[in-house]
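Note that the numbering runs from 1 along the sequence shown for the chain.
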Amino acid sequence: MPDISLHTALQESEDEVLEKMFFIRSFGEPQDSAREPEFVAHLTFEGDPPGWLALCVTAPAARSVSADFLGEEKVDLSEQQIGEVVCELANMICGSVLSRVENNSGFRRATPRLLPPGQPSERGFPVRGGSSSAATHSAGVGNGRLMVIFNTETPAWSAAEKHAF
């Protein structure tokens, strides 16, 4: 497996999951939507290394992604359905990143949970950043934004990097 940076793995995973499972493509840097309401899904994982993933999706993008995934009209979706789809998207992206970065390790992912609006920073993780072992990727989706933060407690290494020393 070629060496792959965490940021590259995150970007490739996000693009692949959106295209293959949600039938949409992300596009470049998103517009500034800091004031828009968001759906925030969070999940932790255990393994080597352990960590967490947070997925922040603006309400318009969450509604668009959910409609595409469920094959429903945007106006027919409930907030619960949208939240469940955002959690599933977080789970898929996390699994894809873990398989790209640490394909020889076993991981156990917790069930993603949707965080209440306005409370992510009170849950013990920084949604707008991360530590030095975190990668963040944002993309425009539909008429909104999707941002993924992937954080590990220790730097994530590819198999080739682990055995290079």
> Looking only at side chains, do S13 and R100 share a donor and an acceptor under 3.5 Å apart?
Replying inline: yes

>> My understanding is that only one of L89, L114, I149, N91 makes a side-chain contact (heavy atoms from CB on, under 4.5 Å) with L55; could you say which?
In response: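 Exactly one candidate clears the test, L89.
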
Polar side-chain atom of [X] near backbone of [Y] as donor-acceptor pair, under 3.5 Å:
{"X": "S64", "Y": "P60", "value": "no"}
{"X": "T44", "Y": "A110", "value": "no"}
{"X": "R108", "Y": "E46", "value": "no"}
{"X": "E19", "Y": "E16", "value": "no"}

>> Quick one, L146 and E14 - any side-chain contact, counting heavy atoms below 4.5 Å?
In response: yes

>> Can you confirm whether L77 sits close enough to R63 that some side-chain heavy atom of one is under 4.5 Å from a side-chain heavy atom of the other?
In response: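 In contact.
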
> Looking only at heavy atoms, which two atoms of F39 and I82 are closest? And how far apart?
Replying inline: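 Where F39 meets I82 most closely, the heavy atoms are CZ-CG2, 3.5 Å.
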
> Looking only at heavy atoms, what is the nearest atom pair of A41 and A90, with distance?
Replying inline: CB-CB, 3.9 Å

> Can you name the side chain to side chain donor-acceptor pair (under 3.5 Å) partners of E88, sequence neighbours left out?
Replying inline: none

> Residues in ring-ring contact (aromatic ring centres under 6.0 Å, His included) with F69, at least two apart?
Replying inline: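 Applying ring-ring contact (aromatic ring centres under 6.0 Å, His included) to F69 gives F22.
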
> Should the ring pair W52 and H42 be called parallel, tilted or perpendicular, given that the plane angle runs from 0 to 90° and is split at 30 and 60?
Replying inline: tilted

